[in-house]
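Here's the structure, in C-alpha coordinates; my notes come after.
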Amino acid sequence: SQTRSYAAPGDGTIPAAKKKYIPSTGTYPLGFKAGSAHVGVKASNTRFDDLALIASDAPCAGAAVFTTNKFQAAPVTVSRDLLKSRKGEGIRSVIINSGCANAVTGKGGIEDAKLMGRETDQAFVKDSNGEDDGQSRSIVMSTGVIGQRLPIQKIVSKIPTAYYNLGETHEHWLGTAKAICTTDTFPKLLSKTFTLPGSQEEYHIAGMTKGAGMIHPNMA
Amino acid sequence: TLLGVICTDAPVSAGPLQAALTSAITKSFNSISIDGDTSTNDTVAILANGAAGGKPIDSTASPDFAAFQKTLTDFSIDLAKLVVRDGEGATKFVTIRVTNAASYKDAHRVASTIARSPLVKTALYGKDANWGRILCATGYAENVEGVVPEETSVSFIPSDGSAELKLLVRGEPEQVDEARAAKILEAEDLEIKVQLSEGKGGEEAVFWTCDFSHEYVTINGDYRT
(Lines give C-alpha, C1' and ligand atoms only; values in the text may rest on other atoms or scores of the structure.)
Protein backbone atom coordinates (compact mmCIF):
# COMPACT_ATOMS: atom_id res chain seq x y z
CA SER A 1 0.00 0.00 0.00
CA GLN A 2 0.97 3.61 -0.45
CA THR A 3 2.57 5.05 2.65
CA ARG A 4 2.01 8.62 3.64
CA SER A 5 5.32 10.25 4.35
CA TYR A 6 3.77 13.67 4.70
CA ALA A 7 1.83 14.76 7.73
CA ALA A 8 -1.92 14.53 7.29
CA PRO A 9 -3.65 17.89 6.94
CA GLY A 10 -5.80 17.32 9.98
CA ASP A 11 -3.03 16.52 12.39
CA GLY A 12 -1.98 20.05 13.24
CA THR A 13 1.30 19.93 11.39
CA ILE A 14 0.37 22.13 8.46
CA PRO A 15 3.61 23.87 7.42
CA ALA A 16 3.73 27.44 8.70
CA ALA A 17 4.30 28.78 5.19
CA LYS A 18 1.06 27.17 3.96
CA LYS A 19 -1.26 28.35 6.71
CA LYS A 20 -1.92 31.61 4.87
CA TYR A 21 -3.72 29.65 2.15
CA ILE A 22 -6.32 28.23 4.52
CA PRO A 23 -9.36 30.50 4.88
CA SER A 24 -10.65 31.25 8.38
CA THR A 25 -14.10 32.21 7.10
CA GLY A 26 -16.15 31.82 3.96
CA THR A 27 -19.39 32.70 2.20
CA TYR A 28 -21.02 29.50 1.05
CA PRO A 29 -23.76 28.87 -1.51
CA LEU A 30 -27.31 28.63 -0.23
CA GLY A 31 -28.84 25.18 -0.14
CA PHE A 32 -25.57 23.28 -0.02
CA LYS A 33 -24.09 21.36 2.89
CA ALA A 34 -20.79 19.58 3.43
CA GLY A 35 -19.78 16.86 5.85
CA SER A 36 -17.28 14.11 6.45
CA ALA A 37 -16.68 10.88 8.35
CA HIS A 38 -13.82 8.64 9.38
CA VAL A 39 -13.70 5.31 7.61
CA GLY A 40 -10.08 4.24 7.79
CA VAL A 41 -9.84 3.41 4.09
CA LYS A 42 -6.14 3.00 4.71
CA ALA A 43 -5.65 0.80 7.73
CA SER A 44 -2.96 3.17 8.97
CA ASN A 45 -5.45 6.03 9.14
CA THR A 46 -6.98 5.68 12.57
CA ARG A 47 -7.92 9.31 13.15
CA PHE A 48 -8.60 11.44 10.13
CA ASP A 49 -11.82 11.75 8.18
CA ASP A 50 -11.47 10.20 4.74
CA LEU A 51 -15.04 10.23 3.48
CA ALA A 52 -16.49 13.53 2.22
CA LEU A 53 -20.02 14.41 1.19
CA ILE A 54 -21.16 17.63 -0.48
CA ALA A 55 -24.89 17.83 -1.00
CA SER A 56 -27.60 20.09 -2.32
CA ASP A 57 -30.84 20.37 -0.36
CA ALA A 58 -32.72 19.82 -3.60
CA PRO A 59 -31.86 18.06 -6.85
CA CYS A 60 -29.79 20.37 -9.01
CA ALA A 61 -27.82 20.74 -12.23
CA GLY A 62 -24.44 19.04 -12.39
CA ALA A 63 -21.53 18.90 -14.78
CA ALA A 64 -18.03 17.51 -14.71
CA VAL A 65 -14.82 17.02 -16.60
CA PHE A 66 -12.79 13.85 -16.32
CA THR A 67 -9.27 12.64 -16.96
CA THR A 68 -8.44 11.61 -20.50
CA ASN A 69 -6.03 8.96 -19.23
CA LYS A 70 -7.05 5.75 -21.02
CA PHE A 71 -6.98 3.80 -17.76
CA GLN A 72 -9.87 5.64 -16.24
CA ALA A 73 -10.74 4.74 -12.67
CA ALA A 74 -14.09 3.18 -11.85
CA PRO A 75 -15.60 6.32 -10.28
CA VAL A 76 -14.71 8.25 -13.43
CA THR A 77 -16.63 5.79 -15.59
CA VAL A 78 -19.58 5.61 -13.20
CA SER A 79 -19.85 9.37 -12.69
CA ARG A 80 -19.57 10.12 -16.40
CA ASP A 81 -22.32 7.60 -17.15
CA LEU A 82 -24.47 9.09 -14.40
CA LEU A 83 -24.22 12.63 -15.76
CA LYS A 84 -24.86 11.39 -19.28
CA SER A 85 -27.91 9.35 -18.35
CA ARG A 86 -29.40 12.16 -16.26
CA LYS A 87 -28.39 14.84 -18.80
CA GLY A 88 -26.81 16.68 -15.88
CA GLU A 89 -30.12 17.15 -14.10
CA GLY A 90 -31.45 15.95 -10.76
CA ILE A 91 -28.03 15.60 -9.16
CA ARG A 92 -28.02 15.56 -5.40
CA SER A 93 -24.48 15.12 -4.12
CA VAL A 94 -20.82 14.28 -4.54
CA ILE A 95 -19.37 11.50 -2.39
CA ILE A 96 -15.58 11.17 -2.18
CA ASN A 97 -13.23 8.82 -0.41
CA SER A 98 -9.51 9.34 0.01
CA GLY A 99 -6.93 6.63 0.64
CA CYS A 100 -7.79 4.37 -2.29
CA ALA A 101 -8.33 5.43 -5.90
CA ASN A 102 -10.51 2.50 -6.99
CA ALA A 103 -8.49 2.56 -10.20
CA VAL A 104 -7.57 -0.43 -12.35
CA THR A 105 -9.90 -2.56 -10.24
CA GLY A 106 -11.94 -4.17 -13.03
CA LYS A 107 -15.65 -4.90 -12.93
CA GLY A 108 -15.58 -5.23 -9.16
CA GLY A 109 -14.36 -1.67 -8.90
CA ILE A 110 -17.24 -0.45 -11.08
CA GLU A 111 -19.69 -2.23 -8.79
CA ASP A 112 -18.03 -0.66 -5.75
CA ALA A 113 -18.32 2.84 -7.22
CA LYS A 114 -21.96 2.27 -8.14
CA LEU A 115 -22.72 0.98 -4.66
CA MET A 116 -21.05 4.01 -3.11
CA GLY A 117 -23.30 6.28 -5.16
CA ARG A 118 -26.42 4.21 -4.54
CA GLU A 119 -25.91 4.14 -0.77
CA THR A 120 -25.43 7.90 -0.79
CA ASP A 121 -28.68 8.30 -2.71
CA GLN A 122 -30.39 6.09 -0.15
CA ALA A 123 -29.35 8.38 2.68
CA PHE A 124 -31.36 11.18 1.08
CA VAL A 125 -34.33 8.95 0.28
CA LYS A 126 -34.51 7.50 3.80
CA ASP A 127 -34.19 10.87 5.44
CA SER A 128 -36.93 12.59 3.49
CA ASN A 129 -39.16 9.61 2.78
CA GLY A 130 -38.77 10.95 -0.71
CA GLU A 131 -39.38 9.34 -4.00
CA ASP A 132 -36.77 6.95 -5.24
CA ASP A 133 -36.74 6.74 -9.01
CA GLY A 134 -34.02 4.13 -8.81
CA GLN A 135 -31.62 6.32 -10.74
CA SER A 136 -28.32 7.49 -9.33
CA ARG A 137 -28.08 11.08 -8.21
CA SER A 138 -24.63 11.09 -6.63
CA ILE A 139 -21.32 11.75 -8.34
CA VAL A 140 -18.60 9.47 -6.99
CA MET A 141 -14.90 10.25 -6.67
CA SER A 142 -11.96 8.37 -5.17
CA THR A 143 -8.31 9.23 -4.65
CA GLY A 144 -5.34 7.36 -3.28
CA VAL A 145 -3.46 4.25 -4.17
CA ILE A 146 -4.05 2.66 -7.59
CA GLY A 147 -4.71 -1.05 -8.08
CA GLN A 148 -6.48 -1.92 -4.86
CA ARG A 149 -10.17 -2.57 -4.25
CA LEU A 150 -12.01 -0.21 -1.97
CA PRO A 151 -12.96 -1.48 1.47
CA ILE A 152 -16.47 -0.84 0.22
CA GLN A 153 -18.43 -2.23 3.15
CA LYS A 154 -16.47 -0.02 5.55
CA ILE A 155 -17.17 2.95 3.30
CA VAL A 156 -20.90 2.39 2.85
CA SER A 157 -21.32 1.78 6.56
CA LYS A 158 -20.06 5.32 7.19
CA ILE A 159 -22.09 7.11 4.52
CA PRO A 160 -24.95 7.69 7.00
CA THR A 161 -22.42 9.26 9.38
CA ALA A 162 -21.16 11.62 6.67
CA TYR A 163 -24.79 12.44 5.87
CA TYR A 164 -25.55 13.05 9.56
CA ASN A 165 -22.50 15.32 9.75
CA LEU A 166 -23.64 17.56 6.89
CA GLY A 167 -23.71 21.25 7.75
CA GLU A 168 -23.36 24.67 6.21
CA THR A 169 -20.78 26.36 8.43
CA HIS A 170 -17.24 27.21 7.44
CA GLU A 171 -16.03 24.42 9.72
CA HIS A 172 -18.16 21.90 7.84
CA TRP A 173 -16.71 22.99 4.49
CA LEU A 174 -13.15 23.08 5.78
CA GLY A 175 -13.48 19.68 7.47
CA THR A 176 -14.79 18.23 4.24
CA ALA A 177 -11.93 19.79 2.27
CA LYS A 178 -9.52 18.08 4.69
CA ALA A 179 -11.21 14.72 4.24
CA ILE A 180 -10.41 14.58 0.51
CA CYS A 181 -6.68 15.18 1.05
CA THR A 182 -4.02 12.54 0.49
CA THR A 183 -0.42 13.74 0.49
CA ASP A 184 -1.63 17.35 0.53
CA THR A 185 -0.11 19.43 3.30
CA PHE A 186 -3.10 21.75 3.57
CA PRO A 187 -6.80 21.72 2.65
CA LYS A 188 -7.74 23.77 -0.40
CA LEU A 189 -10.99 25.66 -0.02
CA LEU A 190 -12.20 28.92 -1.56
CA SER A 191 -15.47 30.82 -1.61
CA LYS A 192 -16.67 34.13 -2.99
CA THR A 193 -19.75 36.09 -3.90
CA PHE A 194 -20.61 37.44 -7.32
CA THR A 195 -23.39 39.09 -9.26
CA LEU A 196 -24.76 38.67 -12.76
CA PRO A 197 -25.73 41.53 -15.07
CA GLY A 198 -29.33 40.33 -15.50
CA SER A 199 -30.15 39.76 -11.83
CA GLN A 200 -30.31 41.71 -8.61
CA GLU A 201 -29.34 38.72 -6.49
CA GLU A 202 -26.02 38.08 -4.85
CA TYR A 203 -24.67 34.65 -5.71
CA HIS A 204 -22.15 32.45 -3.98
CA ILE A 205 -19.59 30.01 -5.27
CA ALA A 206 -17.46 27.67 -3.18
CA GLY A 207 -14.98 25.05 -4.17
CA MET A 208 -12.58 22.56 -2.73
CA THR A 209 -9.80 20.74 -4.46
CA LYS A 210 -7.06 18.28 -3.61
CA GLY A 211 -3.85 17.20 -5.20
CA ALA A 212 -0.14 17.35 -4.57
CA GLY A 213 1.37 14.72 -6.82
CA MET A 214 0.51 12.91 -10.05
CA ILE A 215 -0.68 16.28 -11.26
CA HIS A 216 -0.73 17.18 -14.93
CA PRO A 217 -4.45 17.24 -15.61
CA ASN A 218 -5.85 16.92 -19.09
CA MET A 219 -9.57 16.73 -18.50
CA ALA A 220 -12.44 16.88 -20.95
CA THR B 1 -4.70 12.89 -8.46
CA LEU B 2 -6.60 16.10 -8.84
CA LEU B 3 -10.15 16.22 -7.50
CA GLY B 4 -12.35 19.29 -7.33
CA VAL B 5 -15.90 20.10 -6.34
CA ILE B 6 -17.46 23.48 -7.00
CA CYS B 7 -20.94 24.52 -5.84
CA THR B 8 -22.95 27.60 -6.67
CA ASP B 9 -26.43 28.84 -5.83
CA ALA B 10 -26.70 30.58 -9.21
CA PRO B 11 -29.53 29.31 -11.45
CA VAL B 12 -27.50 27.69 -14.23
CA SER B 13 -29.06 24.77 -16.08
CA ALA B 14 -27.11 21.65 -16.98
CA GLY B 15 -26.13 22.46 -20.57
CA PRO B 16 -24.66 25.90 -19.95
CA LEU B 17 -23.11 24.62 -16.73
CA GLN B 18 -21.17 21.96 -18.63
CA ALA B 19 -20.14 24.52 -21.26
CA ALA B 20 -18.92 26.97 -18.63
CA LEU B 21 -16.97 24.28 -16.78
CA THR B 22 -15.36 22.88 -19.92
CA SER B 23 -14.26 26.36 -20.91
CA ALA B 24 -13.00 27.22 -17.42
CA ILE B 25 -10.97 24.02 -17.13
CA THR B 26 -8.78 24.79 -20.14
CA LYS B 27 -7.34 27.92 -18.56
CA SER B 28 -7.25 26.60 -14.99
CA PHE B 29 -6.84 22.95 -14.01
CA ASN B 30 -5.66 21.93 -17.48
CA SER B 31 -2.99 24.61 -17.18
CA ILE B 32 -1.14 23.30 -14.16
CA SER B 33 1.56 20.70 -13.74
CA ILE B 34 3.40 19.43 -10.71
CA ASP B 35 5.18 16.36 -11.99
CA GLY B 36 3.90 15.81 -15.52
CA ASP B 37 1.88 12.71 -14.65
CA THR B 38 -1.80 12.58 -15.61
CA SER B 39 -3.84 10.60 -13.11
CA THR B 40 -6.43 7.90 -13.71
CA ASN B 41 -8.89 9.71 -11.46
CA ASP B 42 -8.73 13.46 -12.21
CA THR B 43 -12.24 14.87 -11.90
CA VAL B 44 -13.72 18.30 -11.36
CA ALA B 45 -17.47 18.52 -10.80
CA ILE B 46 -19.78 21.49 -10.40
CA LEU B 47 -23.27 21.64 -8.95
CA ALA B 48 -25.65 24.58 -9.40
CA ASN B 49 -28.91 24.57 -7.43
CA GLY B 50 -30.35 28.02 -8.15
CA ALA B 51 -31.17 28.53 -4.47
CA ALA B 52 -30.28 32.22 -4.62
CA GLY B 53 -33.00 32.84 -7.19
CA GLY B 54 -32.99 35.11 -10.22
CA LYS B 55 -33.38 34.54 -13.91
CA PRO B 56 -32.24 31.06 -14.97
CA ILE B 57 -29.29 30.79 -17.33
CA ASP B 58 -30.61 28.41 -19.96
CA SER B 59 -28.39 29.27 -22.88
CA THR B 60 -24.78 30.05 -23.60
CA ALA B 61 -25.79 33.14 -25.57
CA SER B 62 -26.81 35.41 -22.70
CA PRO B 63 -24.70 38.11 -21.00
CA ASP B 64 -25.39 36.33 -17.70
CA PHE B 65 -23.76 33.19 -19.07
CA ALA B 66 -20.70 35.13 -20.19
CA ALA B 67 -20.41 36.72 -16.75
CA PHE B 68 -20.86 33.38 -15.01
CA GLN B 69 -18.27 31.76 -17.26
CA LYS B 70 -15.77 34.49 -16.43
CA THR B 71 -16.45 34.13 -12.69
CA LEU B 72 -16.08 30.37 -12.87
CA THR B 73 -12.85 30.60 -14.88
CA ASP B 74 -11.24 33.04 -12.45
CA PHE B 75 -12.43 30.98 -9.49
CA SER B 76 -11.08 27.76 -11.03
CA ILE B 77 -7.73 29.42 -11.69
CA ASP B 78 -7.49 30.39 -8.01
CA LEU B 79 -8.33 26.83 -6.96
CA ALA B 80 -5.83 25.34 -9.42
CA LYS B 81 -3.08 27.62 -8.15
CA LEU B 82 -3.60 26.25 -4.63
CA VAL B 83 -2.81 22.77 -5.96
CA VAL B 84 0.47 24.01 -7.41
CA ARG B 85 1.27 25.76 -4.11
CA ASP B 86 1.08 22.31 -2.49
CA GLY B 87 3.14 20.43 -5.06
CA GLU B 88 4.96 17.53 -3.43
CA GLY B 89 8.30 18.85 -2.24
CA ALA B 90 7.86 22.15 -4.09
CA THR B 91 9.70 25.24 -2.93
CA LYS B 92 8.66 27.52 -5.80
CA PHE B 93 5.47 28.66 -7.48
CA VAL B 94 6.22 29.36 -11.11
CA THR B 95 4.04 31.11 -13.70
CA ILE B 96 4.96 30.40 -17.31
CA ARG B 97 3.60 32.93 -19.77
CA VAL B 98 4.03 32.22 -23.47
CA THR B 99 3.16 35.16 -25.69
CA ASN B 100 2.99 36.12 -29.37
CA ALA B 101 2.04 32.62 -30.49
CA ALA B 102 0.12 31.81 -33.65
CA SER B 103 -2.67 30.21 -31.59
CA TYR B 104 -3.67 29.64 -27.98
CA LYS B 105 -3.09 25.93 -28.50
CA ASP B 106 0.50 26.57 -29.62
CA ALA B 107 1.19 28.83 -26.66
CA HIS B 108 -0.38 26.28 -24.28
CA ARG B 109 1.68 23.42 -25.71
CA VAL B 110 4.92 25.34 -25.34
CA ALA B 111 4.06 26.38 -21.77
CA SER B 112 3.07 22.82 -20.89
CA THR B 113 6.32 21.44 -22.30
CA ILE B 114 8.41 23.89 -20.27
CA ALA B 115 6.33 23.13 -17.15
CA ARG B 116 7.01 19.40 -17.33
CA SER B 117 10.73 19.62 -18.14
CA PRO B 118 12.67 18.01 -15.26
CA LEU B 119 15.75 20.04 -16.15
CA VAL B 120 13.89 23.35 -16.08
CA LYS B 121 12.33 22.35 -12.77
CA THR B 122 15.60 21.28 -11.17
CA ALA B 123 17.26 24.49 -12.37
CA LEU B 124 14.51 26.46 -10.64
CA TYR B 125 15.07 24.46 -7.46
CA GLY B 126 18.78 25.19 -7.74
CA LYS B 127 18.06 28.92 -8.27
CA ASP B 128 19.82 28.79 -11.62
CA ALA B 129 18.76 31.28 -14.31
CA ASN B 130 19.16 28.56 -16.90
CA TRP B 131 17.44 29.98 -19.97
CA GLY B 132 19.10 27.29 -22.10
CA ARG B 133 16.89 24.61 -20.58
CA ILE B 134 13.79 26.78 -21.08
CA LEU B 135 14.71 27.31 -24.70
CA CYS B 136 15.45 23.64 -25.19
CA ALA B 137 11.99 22.68 -23.90
CA THR B 138 10.40 25.36 -26.10
CA GLY B 139 12.12 23.87 -29.12
CA TYR B 140 10.86 20.31 -28.67
CA ALA B 141 7.22 21.18 -27.97
CA GLU B 142 5.26 18.92 -30.30
CA ASN B 143 2.91 20.11 -33.02
CA VAL B 144 3.74 23.75 -32.59
CA GLU B 145 4.24 26.00 -35.55
CA GLY B 146 6.03 29.27 -35.48
CA VAL B 147 8.83 28.67 -33.00
CA VAL B 148 11.67 30.58 -34.63
CA PRO B 149 14.90 30.65 -32.60
CA GLU B 150 15.91 34.07 -34.00
CA GLU B 151 12.64 35.59 -32.82
CA THR B 152 12.34 33.97 -29.40
CA SER B 153 12.93 35.93 -26.20
CA VAL B 154 13.01 34.72 -22.61
CA SER B 155 12.85 36.75 -19.44
CA PHE B 156 12.13 36.44 -15.73
CA ILE B 157 9.43 38.63 -14.24
CA PRO B 158 10.21 39.20 -10.55
CA SER B 159 7.41 38.83 -8.02
CA ASP B 160 8.32 42.14 -6.36
CA GLY B 161 7.14 44.17 -9.35
CA SER B 162 10.61 45.31 -10.42
CA ALA B 163 11.70 45.34 -14.05
CA GLU B 164 11.91 42.08 -15.97
CA LEU B 165 15.28 40.40 -16.27
CA LYS B 166 15.97 39.67 -19.93
CA LEU B 167 17.86 36.44 -20.48
CA LEU B 168 17.53 36.02 -24.22
CA VAL B 169 16.38 38.60 -26.76
CA ARG B 170 15.46 37.50 -30.29
CA GLY B 171 17.64 34.44 -29.97
CA GLU B 172 20.66 36.30 -28.63
CA PRO B 173 21.80 35.76 -25.04
CA GLU B 174 21.87 38.81 -22.81
CA GLN B 175 24.64 39.68 -20.40
CA VAL B 176 22.82 38.44 -17.30
CA ASP B 177 23.33 40.14 -13.97
CA GLU B 178 23.86 36.96 -11.97
CA ALA B 179 23.44 38.71 -8.64
CA ARG B 180 20.05 40.05 -9.67
CA ALA B 181 19.07 36.70 -11.18
CA ALA B 182 19.97 34.96 -7.93
CA LYS B 183 17.90 37.46 -5.96
CA ILE B 184 14.87 36.95 -8.22
CA LEU B 185 15.20 33.19 -7.90
CA GLU B 186 15.35 33.41 -4.11
CA ALA B 187 11.69 34.40 -4.02
CA GLU B 188 8.98 31.75 -3.75
CA ASP B 189 7.08 33.20 -6.71
CA LEU B 190 8.55 33.67 -10.16
CA GLU B 191 7.25 34.28 -13.68
CA ILE B 192 8.97 33.06 -16.81
CA LYS B 193 7.99 34.87 -19.99
CA VAL B 194 8.66 33.32 -23.36
CA GLN B 195 7.90 35.50 -26.38
CA LEU B 196 7.70 33.36 -29.49
CA SER B 197 7.71 35.98 -32.20
CA GLU B 198 8.04 39.64 -32.99
CA GLY B 199 4.41 40.52 -33.42
CA LYS B 200 3.48 37.72 -35.83
CA GLY B 201 1.09 36.08 -33.41
CA GLY B 202 -1.10 37.56 -30.75
CA GLU B 203 -2.08 34.57 -28.67
CA GLU B 204 -0.97 33.98 -25.11
CA ALA B 205 -1.22 31.09 -22.63
CA VAL B 206 -0.42 30.94 -18.94
CA PHE B 207 0.62 27.78 -17.11
CA TRP B 208 1.47 27.25 -13.46
CA THR B 209 4.02 24.81 -12.14
CA CYS B 210 6.55 24.29 -9.38
CA ASP B 211 10.14 23.22 -8.99
CA PHE B 212 11.40 19.70 -8.59
CA SER B 213 13.20 18.98 -5.32
CA HIS B 214 14.94 16.18 -3.43
CA GLU B 215 11.82 15.99 -1.30
CA TYR B 216 9.68 15.01 -4.28
CA VAL B 217 11.86 11.96 -4.83
CA THR B 218 11.80 11.12 -1.13
CA ILE B 219 8.00 11.31 -0.96
CA ASN B 220 7.42 9.26 -4.07
CA GLY B 221 10.22 6.82 -3.37
CA ASP B 222 8.24 5.88 -0.26
CA TYR B 223 5.15 4.87 -2.21
CA ARG B 224 4.39 1.20 -2.51
CA THR B 225 1.70 -0.44 -4.59
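Quick note on labels: first sequence line is chain A, next is B, and so on, each numbered from 1.
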The interface call for A/L190 against chain B, heavy-atom contacts under 4.5 Å, is both
Residues 68-80 of chain A vs side-chain hydrogen bond (donor to acceptor under 3.5 Å, both in side chains), sequence neighbours excluded, gives A/T68-A/N218, A/Q72-A/R80
Cut-off 4.5 Å, heavy atoms of chain A, and the answer for B/I25 is side chain
Return a table of donor-acceptor pairs under 3.5 angstrom between the side chains of residues 67-84 of chain B and protein atoms on other chains or two or more places apart.
{"residue": "B/Q69", "atom": "NE2", "partner": "B/S23", "partner atom": "OG", "Å": "3.1"}
{"residue": "B/K70", "atom": "NZ", "partner": "B/D74", "partner atom": "OD2", "Å": "2.6"}
{"residue": "B/T71", "atom": "OG1", "partner": "B/A67", "partner atom": "O", "Å": "3.0"}
{"residue": "B/T73", "atom": "OG1", "partner": "B/Q69", "partner atom": "O", "Å": "2.8"}
{"residue": "B/S76", "atom": "OG", "partner": "B/L72", "partner atom": "O", "Å": "2.8"}

Tightest non-hydrogen contact, residues B/A48 and A/F32, listed as N-CZ, 4.4 Å
From the list B/D64, B/T22, B/L17, B/T26, the residue making the most non-hydrogen contacts under 4.5 Å with chain A is B/D64
Closest non-hydrogen contact found for A/G62 with B/A14 is O-CB, 4.5 Å
Honestly, the part of A/L189 sitting under 4.5 Å from a heavy atom of chain B is backbone
Partner of B/D86 under side chain to side chain donor-acceptor pair (under 3.5 Å), picked from A/K18, A/K210, A/K188, is A/K188
So, the part of A/F71 with a heavy atom under 4.5 Å from chain B: the answer is both
Checking the side chain of B/N49 only, and the main-chain atoms of A/L30 only, is there a donor and an acceptor separated by less than 3.5 Å? yes
Closest non-hydrogen contact found for A/S199 with B/K55 is OG-N, 3.6 Å
Whatever's closer than 4.5 Å to a heavy atom in chain B on A/T176 counts as neither
In the structure I gave you, are the side-chain heavy atoms of A/M219 and B/N30 within less than 4.5 Å of one another anywhere? yes
Turns out that what part of A/P197 lies under 4.5 Å from chain B's heavy atoms comes down to both
- [ ] Verify, without hydrogens or angle tests, whether A/Y28 (side chain) and B/T8 (backbone) share a donor-acceptor contact under 3.5 angstrom.
- [x] no
Heaviest contributor of heavy-atom pairs below 4.5 Å to chain B, chosen from A/A212, A/A220, A/G207, is A/A212
Distance col, row A/T209:OG1 vs B/I6:CD1, nearest 0.5 angstrom, shows 8.0 Å
Interface check, chain A: of B/S39, B/A10, B/G4, most non-hydrogen pairs under 4.5 Å belong to B/S39
> Does the pair B/V5 and A/I180 meet the rule for a side chain to side chain contact (heavy atoms under 4.5 Å, CB included), with working shown?
Replying inline: CA-CA 10 Å; B/V5 181; A/I180 65 174; 5.9 Å; no
- request: Dump the intermediate steps for side chain to side chain contact (heavy atoms under 4.5 Å, CB included) on A/V65 and B/F29, then the final yes or no.
  value: CA-CA 10 Å; A/V65 287; B/F29 292 104; over 6 Å; no
On a heavy-atom basis, the closest approach of A/T67 and B/T38 is OG1-CG2, 3.7 Å
What one should report as the nearest heavy-atom pair of A/A61 and B/V12 is CB-O, 3.4 Å
Correct closest heavy-atom pair for A/E202 and B/A52 would be O-CB, 3.9 Å
Honestly, the part of A/K192 sitting under 4.5 Å from a heavy atom of chain B is both
So CZ of A/F66 and OG1 of B/T43: to nearest 0.5 Å the spacing works out to 5.5 Å
Here the gap from B/D35 atom CG to A/H216 atom NE2, rounded to the nearest 0.5 Å, amounts to 9.5 Å
Applying a strict 4.5 Å limit to non-hydrogen atoms, the region of A/Q200 in contact with chain B is neither
One should read off an interatomic distance between B/I57 CD1 and A/L196 CG, to the nearest 0.5 angstrom, of 5.0 Å
